[in-house]
Amino acid sequence: MPELPEVETIARGLATRVTGDVIESVWLGSKPEPLKSSPEQIVRALEGARIAAVQRMGKHIVFRLEAPQAGPQSARTHAHWTVHLGMTGSLRVCDPAVALAPHTHAVLKLCSGRELRFVDPRRFGRLSVHRDGFQATGVEPLDISFERFAGLFRGRKTPIKSALLNQKLLRGVGNIYADEALARARIRPRHRAATLTYPELRRLYAALQKVLTLAIAAGGSSISDYVDADGEPGFFQIQHRVYGREGKPCRRCGSAIKRVVIAGRSSHYCPRCQK
DNA sequence: ATACCGACCTGTCAGC
DNA sequence: TGCTGACAGGTCGGTA
């Protein structure tokens with residue numbers, strides 16, 4: 001489900017709520033899929049640790065953890081705990097009295113008396129701990145220069161849509177924002193990445209940054225079940241130009257929006273505006 | 001080396 | 001009502 005703007009919204013919400021809190025105890029469900037590290041490794045890294053910071057890297061939420069015994073002076077990072085939400089994952093801070101939602105796979109009891117819960121019906125989400133720092137692949141699309149951005153696509157015969165989704169190139173772009181950026185840049189999703197012209201690359205760079213920035217400002221896109229760490233939905237979906245609008249009129253020219261499948265993913269575009 | 005495609009899971013919704 | 005199939009925001013590994 002969540003792409004860069006949704007993960008950013010969740011990470012910001014979590015940062016304001018749990019930064020400085022200490023993890024008292026950890027409960028992990030019996031389903032193994034959501035755990036990338038062993039349950040023992042996760043429990044050992046988390047229990048007693050202080051949450052020093054919460055940040056987003058691509059589609060990962062990264063919790064910087066400090067050793068339990070370390071005082072303010074000697075405090076040091078002893079592990080990073082990362083959460084990838086997959087398609088349906090969510091992280092919520094809630095009162096322990098609130099009933100556990102179905103598909104809850106992890107519950108962290110915090111010293112402040114609240115709980116941090118990881119819920120994920122489809123179990124595509126992943127939890128892991130990293131002792132030597134966490135290194136995400138690819139480049140942040142909001143930080144990259146135009147020159148580097150253009151260089152990512154050189155020599156790639158793959159459709160530009162697939163290249164945008166490739167997390168080893170750009171990290172954080174998913175199906176919604178790839179389609180929305182291509183719509184604003186007026187480029188067809190099947191256009192071969194390597195054959196984009198300089199003006200097209202310029203438009204795509206600007207469109208991608210704009211669409212991500214607007215979506216973060218709107219708190220992300222809520223489709224079916226997405227909510228942030230507070231349980232609040234986002235509102236960017238009302239600004240979607242093509243995603244989820246198959247058959248509806250293009251907001252620019254009125255033509256019916258098309259849906260095709262590219263590399264197994266639904267791709268939406270206006271056949272008249274996007275060349 | 002690169003690129004596509006099915007697999008991984010569960011839930012929901014449209015159509016019969 | 002109930003069944004079946006298509007589809008869903010993501011990623012991985014095998015294959016071509």
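Proteins come first, then strands; the chains are lettered A, B, ... in the order of their sequence lines, and each starts at number 1.
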Could you pull out the closest heavy-atom pair between [X] and [Y], with the gap in Å?
{"X": "A:T9", "Y": "A:I216", "answer": "OG1-O, 4.3 Å"}
{"X": "A:E47", "Y": "A:V26", "answer": "OE2-N, 3.0 Å"}
{"X": "A:R156", "Y": "A:L169", "answer": "NH2-CD2, 3.5 Å"}

Rounding to a whole Å, what distance do you find between [X]:[atom1] and [N]:[atom2]?
{"X": "A:L169", "N": "C:dG10", "atom1": "CG", "atom2": "P", "value": "15 Å"}
{"X": "A:F153", "N": "B:dT2", "atom1": "CZ", "atom2": "C1'", "value": "16 Å"}
{"X": "A:R190", "N": "B:dA3", "atom1": "CZ", "atom2": "P", "value": "15 Å"}
{"X": "A:L165", "N": "B:dT2", "atom1": "CG", "atom2": "C1'", "value": "16 Å"}
{"X": "A:R171", "N": "C:dG10", "atom1": "CZ", "atom2": "P", "value": "16 Å"}
{"X": "A:L164", "N": "B:dA3", "atom1": "CG", "atom2": "P", "value": "13 Å"}
{"X": "A:N175", "N": "C:dC7", "atom1": "CG", "atom2": "C1'", "value": "12 Å"}
{"X": "A:K157", "N": "C:dA16", "atom1": "NZ", "atom2": "C1'", "value": "14 Å"}

Practice item. Among residues two or more places apart or on two chains, list those pairs meeting side chain to side chain donor-acceptor pair (under 3.5 Å) that have a residue in residues 136-151 of chain A. Key: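 Found A:R56-A:E140, A:E140-A:R171.
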Review point. Which whole number of Å gives the distance between the P atom of B:dG6 and that of C:dA6?
Key: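 Taking atom P in both B:dG6 and C:dA6, they lie 12 Å apart.
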Check your understanding: On a whole-Å scale, what distance lies between the P atoms belonging to C:dG5 and B:dA7?
Key -> 15 Å
Please determine, for the side chain of [X], which listed nucleotide ([options]) has the closest atom?
{"X": "A:K59", "options": "B:dC4, C:dT11, B:dC9", "result": "C:dT11"}
{"X": "A:Q167", "options": "B:dA3, B:dG11, C:dT11", "result": "C:dT11"}
{"X": "A:E3", "options": "C:dG10, B:dG11, B:dC4", "result": "C:dG10"}
{"X": "A:R259", "options": "C:dG10, C:dC7, B:dC4", "result": "C:dC7"}
{"X": "A:R265", "options": "C:dG10, B:dC4, B:dT10", "result": "C:dG10"}
{"X": "A:H103", "options": "B:dG11, B:dA3, C:dC7", "result": "B:dG11"}

Check your understanding: If only side-chain N and O atoms of A:S266 are considered, is one of them under 4.0 Å from the OP1 or OP2 phosphate oxygen of C:dC7?
Key ->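 For A:S266, the contact criterion (side-chain N or O under 4.0 Å from OP1 or OP2 of C:dC7) is not met.
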Check your understanding: Within the structure, does a side-chain N or O atom of A:R156 lie under 4.0 Å from either OP1 or OP2 of B:dA1?
Key ->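 The answer is no; no side-chain N or O of A:R156 sits under 4.0 Å from OP1 or OP2.
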Point to revise | Duplex segments of DNA chain B, taken as runs of at least three Watson-Crick or G-U pairs that stay under 3.5 Å | key: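 Counting only runs of 3 or more consecutive pairs, the stems involving DNA chain B are B:2-8 with C:10-16, B:10-16 with C:2-8.
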Check your understanding: Would A:F146 and A:Y198 count as a close aromatic pair, with their ring centres under 6.0 Å?
Key ->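 Distance test on ring centres: under 6.0 Å, yes.
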Review point. Got a donor-acceptor pair under 3.5 Å from the side chain of A:R122 to the base of B:dC9?
Key: yes
Check your understanding: Taking NZ, NE, NH1 and NH2 as the nitrogens, is one of them in A:D21 or A:R50 under 4.0 Å from a carboxylate oxygen of the other?
Key ->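 No, A:D21 and A:R50 are not salt-bridged.
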Exercise for review: May I ask you to say whether A:E40 pairs ionically with A:R44, meaning some side-chain N is under 4.0 Å from a carboxylate O?
Suggested key: no
Heavy atoms under 4.0 Å, any strand shown: does [X] hit a base, just sugar-phosphate, or nothing?
{"X": "A:R126", "value": "nothing"}
{"X": "A:Y243", "value": "sugar-phosphate"}
{"X": "A:P102", "value": "nothing"}

Check your understanding: With under 30° as parallel and over 60° as perpendicular, where do the rings of A:H105 and A:H103 fit, or are they tilted in between?
Key -> tilted
Check your understanding: Around A:Q55, counting heavy atoms of other residues, nucleotides and ligands shown, do more than 12 lie under 6.0 Å from its CD?
Key -> no
Practice item. Could you pick out which residue, A:H268 or A:K36, lies toward the 5' side of DNA chain C when each is mapped onto its nearest nucleotide? Key: A:H268
Review point. Any stacking of A:F124 on C:dT11, going by centres under 5.5 angstrom and planes within less than 30 degrees?
Key: no
